[in-house]
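See structure below.
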Amino acid sequence: MPTLGAIADDFTGATDLATMLVARGYRTVVTVGPDTVADDRAMADADAVVVALKSRTAPVSEAVASSLAAFHALRAAGCSRFYFKYCSTFDSTPQGNIGPVTDALLSATGERRAVVVPSFPGTGRTVYRGRLFVHDELLDESPMRHHPLTPMRDSHVGRLLAPQTAHPVRLIDLETVRSGVEALKAALDDPALADALVVVDATEDEDLRTVSAATLHHGLVTGAAGLALGLTGPRPEASRAEAASRPGDPAVVLSGSASAATRAQVAHGRAHLPHRKLEIAALRADFDTTVEELTTFARDCWRDDPGRPPLIYAVDDLRDLDETGGEATPAASVLVEKALAACAVRLVEAGARRLLVAGGETSGSVVTALGVRTLTIGSPISPGVTWAGADCGAGGAGGAGQTVDVALKSGNFGDTDIFTAAWSALA
Ligand SMILES: Nc1ncnc2c1ncn2[C@@H]1O[C@H](COP(=O)(O)OP(=O)(O)O)[C@@H](O)[C@H]1O
Ligand SMILES: O=C(O)[C@@H](O)C(=O)COP(=O)(O)O
């Protein structure tokens, strides 16, 4: 029976956290939405469950409702500790959803305060004096300022969070963290911090271990996957899923991300893989025909060039970003997500068994459209990115009970050659 329940605000984040939990000795299942949590088959052996939501950019009321539904499902499954996973670059809109969801989970758990820990030094995210850095740059000076859905124009976590929450926001500095577990516990228990959301500095893995140890008695923690570094699961080593596919099975890369790391990966993919770019105008003019042409292209590649997975991508230059759309015209971001999801469904129906998807929102659209119920963590690819077995369920794409190997790559994660190199981890 699971004891740790996590709620992830996007799908790449869910597999990022799950891969960390597996490495820490938790047998972990990722469920797509809350409904599968009640499935005894999936839960029987799990120590931890991560519910993947597509709530990061949803309207506030929807994000709160789906997060609470996940919480109630996890609690009914036996979970007694809860982890709200958001992005290590604190991706949110001015309205939320990190603040509103944290507030709702505080009420639901009955906890009074929660730590806020986006730091993940393994992927270059650190928090010092409450400011979030991405490698050597402040968040608002990093390429995250150009994100199409959640442009991050401030690096002060407290300033980002305060307008989103009804709770006071406080900071615990690095010196207090470095004073050790007991000092940090005492600082967190200070009555001045009762009812607060507490941003905690952390610049190294050891800091995260300290934060984790000082909050083991908290029923709710919030942060990126780095905070899980300090957790210790019930097993010396949790097993990983074997690949469901075989080398040579049809494979495809679907990229809807506009992030800097992905743009470099797309440039590398364009040099090494057969590729097609999504054209927004063509999708607007005739969505079905455009998707049909893209899937025909991919199938031709499997036939003519079976060793190289085709790459279908949306952005290789920030000038590609299309901000038009409105009442009568669908936003480009929605069209891109729908198009890549439709390609995924048709390609899995045509035999694709290996999918590398770039982008969190994109991954949410693809995985949901495939009818996936659970993701079981397989071989790691790079920090925060892993292969997972996606169980498409009875009504899913590719036929009843089909398992497809998927890698859901966060926009800013992965080496430049990930679109060509990731497959060897599956072999
Ligand atoms: N040309 C484009 N114009 C506008 N939005 C786009 C374009 N191409 C992709 N997008 C959208 O950008 C968003 C990227 O978000 P996401 O998939 O979460 O990537 P990341 O992991 O990099 O944040 C998606 O909603 C995608 O549909
Ligand atoms: O914490 C992280 O950085 C990732 O797990 C994550 O959430 C990434 O989101 P996207 O960049 O939108 O994929």
Side-chain angles (χ1 to χ4, degrees), residues 6-21 30 50 52-58 83-92 98 117-126 132 134-135 139 142-144 146-152 222-229 254-266 277-284 312-325 329-341 357-367 382-386 407-414:
I7 300 160
D9 70 351
D10 84 342
F11 282 57
T12 46
T15 56
D16 175 14
L17 175 60
T19 197
M20 180 71 89
L21 290 172
V30 178
V50 181
L53 299 177
K54 195 171 182 303
S55 57
R56 188 171 290 174
T57 56
Y83 190 133
F84 173 34
K85 158 72 179 72
Y86 42 75
C87 192
S88 60
T89 45
F90 215 69
D91 298 13
S92 49
I98 296 175
V117 190
S119 173
F120 191 176
T123 57
R125 277 64 157 170
T126 54
L132 182 46
V134 180
H135 299 287
L139 176 64
S142 80
M144 279 305 295
H146 301 299
H147 194 282
L149 304 178
T150 50
M152 301 309 289
T222 84
L227 185 55
L229 257 178
L254 301 171
S255 176
S257 162
S259 292
T262 306
R263 282 184 272 121
Q265 291 154 357
V266 168
K277 186 173 187 170
L278 291 181
E279 298 297 341
I280 308 290
L283 287 169
R284 283 219 169 94
I312 300 175
Y313 68 96
V315 177
D316 59 350
D317 188 303
L318 280 179
R319 282 169 299 192
D320 295 332
L321 289 181
D322 178 330
E323 287 171 7
T324 59
T329 328
S333 59
V334 173
L335 270 180
V336 167
E337 289 187 33
K338 272 179 63 183
L340 292 176
V357 187
E361 297 297 317
T362 308
S363 294
S365 293
V366 164
V367 170
S382 59
V385 193
T386 183
L408 309 180
K409 188 203 80 72
S410 154
N412 276 312
F413 286 177

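Counting convention: from 1, in listed order, for ligands and their atoms alike. Only heavy atoms go into these numbers, but all of them, side chains included; no hydrogens, no water, no symmetry mates.
Annotation: side chain of Tyr83 is not in contact with side chain of Ile7 (no heavy-atom distance under 4.5 Å). Between Glu337 and Leu335, every side-chain heavy-atom pair lies at or beyond the 4.5 Å cut-off. Side-chain contact check for Phe413 versus Asp16: some heavy-atom pair is nearer than 4.5 Å.
Taking a cut-off of under 4.0 Å to the non-hydrogen atoms of Thr12, the atoms of ligand 2 that pass are 8 (C), 9 (O), 10 (P), 13 (O). Against a heavy-atom cut-off of under 4.0 Å, Lys85 is close to the following atoms of ligand 2: 1 (O), 2 (C), 4 (C), 5 (O), 6 (C), 7 (O). Less than 4.0 angstrom separates some heavy atom of Phe413 from each of these atoms of ligand 2: 2 (C), 3 (O), 4 (C). Interface of Asp10 with ligand 2, defined as ligand atoms under 4.0 Å from a residue heavy atom, comprises 7 (O), 9 (O), 10 (P), 12 (O), 13 (O). Every atom of ligand 2 with a heavy atom of Gly360 under 4.0 Å away is listed here by number and element: 12 (O), 13 (O). Counting atoms of ligand 2 from 1 in the listed order, those under 4.0 Å from a heavy atom of Asp16 are 1 (O), 2 (C), 4 (C), 5 (O).
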For Ser92 and Arg56, what are the C-alpha separation, side-chain angles and deciding distance, and is it a side chain to side chain contact (heavy atoms under 4.5 Å, CB included)? CA-CA 7 Å; Ser92 49; Arg56 188 171 290 174; over 6 Å; no
Check against side chain to side chain contact (heavy atoms under 4.5 Å, CB included), Leu283 and Lys338: CA-CA 10 Å; Leu283 287 169; Lys338 272 179 63 183; over 6 Å; no
I'd like to know whether Val315 forms a side chain to side chain contact (heavy atoms under 4.5 Å, CB included) with Lys277, so could you lay out the CA-CA distance, the side-chain angles of the two residues, the decisive distance to 0.1 Å, and finally the verdict. CA-CA 8 Å; Val315 177; Lys277 186 173 187 170; over 6 Å; no
Is there a side chain to side chain contact (heavy atoms under 4.5 Å, CB included) between Val266 and Arg263? Walk through the geometry before answering. CA-CA 5 Å; Val266 168; Arg263 282 184 272 121; 5.6 Å; no
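Between the side chains of Ser410 and Thr12, no donor N or O sits under 3.5 Å from an acceptor N or O. Neither side chain, Thr222 nor Lys85, offers a donor N or O lying under 3.5 Å from an acceptor on the other.
Closer than 4.0 angstrom to ligand 1 sit non-hydrogen atoms from His147, Pro148, Leu149, Gly256, Ser257, Ser259, Ile280, Ala314, Val315, Asp320, Leu321, Asp322, Ala332, Ser333, Val336, Glu337, Gly359, Gly360, Glu361, Thr362, Gly411.
In terms of protein heavy atoms, atom 9 (O) of ligand 2 is closest to Arg56 NH1, 2.8 Å. Shortest contact from atom 6 (C) of ligand 2 to any protein heavy atom: Cys87 SG, 3.6 Å. Nearest non-hydrogen protein atom to atom 11 (O) of ligand 2 is Ser410 OG, 3.0 Å.
Taking only nitrogen or oxygen atoms, main chain and side chain alike, Ser88 reaches within less than 3.5 Å of ligand 2. Here's the thing with Lys409: none of its N/O atoms is less than 3.5 angstrom from an N/O atom of ligand 2. Where the criterion is an N or O separation shorter than 3.5 Å, residue side chain and backbone included, Glu361 fails it with respect to ligand 2.
If you look at Leu17 next to ligand 2, there are no close heavy atoms at all, none under 4.0 Å.
Residue contact annotation: Phe11 has no non-hydrogen atom under 4.0 Å from ligand 2.
A pairwise comparison of heavy atoms in Pro118 and Cys87 identifies CB-O, 4.2 Å as the closest pair.
Using a distance-only test at 3.5 Å, with no hydrogens or angles considered, a donor-acceptor pair links the side chain of Ser363 to the main chain of Gly359. Distance alone, capped at 3.5 Å, places no donor-acceptor pair between the Gln265 side chain and the Asn412 backbone.
Rounded to the nearest 0.5 Å, atoms CG (Leu53) and CZ (Phe84) are 8.5 Å apart.
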